[in-house]
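As the structure lists them, so they are numbered: ligands from 1, and atoms in each ligand from 1.
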Amino acid sequence: MNRVFNFSAGPSMLPVPVLEKAAAELVCYGESGMSVMEMSHRSPDYEAIIQKTQADLRKLMNIPDNYKVLFLQGGASTQFASVPINLIGRTGKADYVVSGQFSGKAFKEAQKMGYDVRCIATTKDDNFDHIPTITADMVRPDAAYVHVCYNNTIYGTKFANVPDTGDVPLVADMSSCILSEPVDVTKFGVIYAGAQKNMAPAGVTVVIVREDLLDYCDPKAPTMLEWKTMADNDSMYNTPPCYTIYMLGLVCEYLLEQGGLEAMKEKNVKKAALLYDYLDSQDYYIAPVKAGSRSMMNVTFVTGNPDLDKKFASEAAKAGMKNLKGHRSVGGMRASIYNAMPYEGVAALVEFMKKFAAENPKA
Ligand SMILES: *Cc1c(COP(=O)(O)O)cnc(C)c1O
């Protein structure tokens with residue numbers, strides 16, 4: 001059985017050398033005589049794994065010492081609640097940018113808890129086809145934080161630049177763009193991401209939080225949601241998602257060997273350009289995202305005919321390119337081209353798109 005080009009938005013492709021290393025170590029890890037899956041999280045072998053994972057992630061992302069790195073459970077969706085729970089106490093209010101479905105869910109979660117939260121900008125009326133412009137004067141100066149989703153996985157949009165929120169800490173959901181290119185961590189108060197897009201299998205959520213923001217947690221918060229408790233216990237307050245953290249460690253090690261995030265960016269820019277250049281060169285497919293907001297990781301396009309879209313996804317799957325169907329809420333097609341998607345995968349997709357367009361003329 002050959003591996004396909006898997007364009008899934010998440011869980012998504014992992015680098016083959018990482019899968020092979022995990023396979024080789026699956027039954028017996030090093031000299032331990034057991035699988036990482038069977039290890040006590042308090043054992044010296046596992047201690048070494050989690051510490052190296054954190055050290056390599058810090059090196060990759062150039063995370064300064066005054067930031068904590070937490071390995072949590074519950075997915076990015078749990079952080080939609082954890083963010084206000086941990087931060088709102090700073091000033092009692094927070095501002096949100098709603099640029100897609102996930103940022104909308106984050107906003108709703110904070111509202112649900114009765115906090116004073118406000119949406120300062122949204123592109124909902126334009127079907128989220130671009131990222132709103134954010135300027136410091138839109139933000140309440142006494143907001144505890146501003147929340148954004150940095151890359152909108154479903155709509156295929158991304159902030160081209162870090163938004164200016166003045167002195168108000170910026171909180172970013174980076175689930176679908178983390179590790180795709182270098183980011184200046186110092187411009188953020190908090191970065192969080194579920195692992196299953198561009199980091200590891202599902203099961204671990206990474207939270208990178210500036211230390212001075214750990215002091216504002218709602219005293220009634222469930223202990224498991226308190227970042228400070230997790231930080232004080234090195235993510236070992238309870239059993240962490242051990243195996244997924246190990247997989248994240250393998251991915252980080254691999255990315256460092258490949259030249260780190262500068263090298264990833266170079267690769268990802270080329271992959272995305274191949275696809276967008278083709279989309280811009282023809283009129284069979286329509287790319288709905290406005291210039292300046294295009295995602296490098298999730299590329300959306302439609303034929304304009306839902307039956308053809310459906311046929312496209314099913315024929316592409318037969319040709320070895322799977323999961324090209326757009327999110328159920330938007331339809332059309334979406335090619336998720338994270339770090340592990342090779343250039344050849346995108347090239348094969350573009351060739352398929354040309355062939356499909358030639359063989360399926362629109363009436
Ligand atoms: C996938 C995704 C989520 C949801 O992540 P879970 O880990 O499934 O909770 C949230 N935000 C973004 C940007 C995503 O891509």
*When you measure from the centre of the six-membered ring of Y284, is the NZ or CZ of K362 under 6.0 Å away and within 45° of the axis?*
yes

_Any donor-acceptor N/O pair, S293 side chain to I131 backbone, under 3.5 Å_ = yes

*Can T157 and N152 be counted as having a side-chain donor-acceptor contact under 3.5 angstrom?*
yes

*Regarding K354 and the six-membered ring of Y285, is the cationic atom NZ or CZ under 6.0 Å from the ring centre and inside 45° of its axis?*
no

*Among all protein heavy atoms, pick out the one at the shortest distance from atom 14 (C) of ligand 1; state its residue, atom name and that distance to 0.1 Å.*
K197 NZ, 2.8 Å

_Atoms in ligand 1 flagged as close to Q196, the criterion being non-hydrogen separation under 4.0 Å_ = 5 (O), 6 (P), 7 (O), 8 (O)

*asked:* For atom 11 (N) of ligand 1, what's the nearest protein heavy-atom neighbour? Residue, atom name and distance, please.
replied: D173 OD2, 2.6 Å

*Within-shell test, G10 vs ligand 1, heavy atom, strictly < 4.0 Å*: no

*Which of the atoms in ligand 1, numbered in the order shown and given with their element, are less than 4.0 Å from a heavy-atom of T153?*
12 (C), 13 (C), 14 (C), 15 (O)

*Residue C149 vicinity, atoms of ligand 1 by number, heavy atom under 4.0 Å*: 13 (C)

_If we ignore hydrogens and angles and just use 3.5 Å, is the side chain of S176 paired with the main-chain N or O of N151 as donor and acceptor?_
yes

*Starting from atom 3 (C) of ligand 1, locate the nearest protein heavy atom and write down its residue, its atom name and how far away it is, to 0.1 Å.*
F102 CE2, 3.4 Å

*asked:* Need the ligand 1 atom indices (1-based, order shown) with element for anything under 4.0 Å from a heavy-atom of G75.
replied: 7 (O), 9 (O)

*Looking at atom 9 (O) of ligand 1, what's its closest protein heavy atom, distance included?*
S77 OG, 2.6 Å

_Under-4.0 Å heavy-atom contact with ligand 1, by part of Y150 that carries it_ = neither

*In the protein, what heavy atom is nearest to atom 5 (O) of ligand 1, and what distance, to one decimal place, separates them?*
A76 CB, 3.5 Å

*Work out which heavy atom in A9 is nearest to a heavy atom in Y338; give both atom names and the distance.*
O-OH, 2.7 Å

_F80 neighbourhood, listing ligand 1 atoms whose heavy-atom distance to it stays under 4.0 Å_ = 10 (C)

*Using a heavy-atom cut-off of under 4.0 Å, does the side chain or the backbone of A202 touch ligand 1, or both, or neither?*
neither

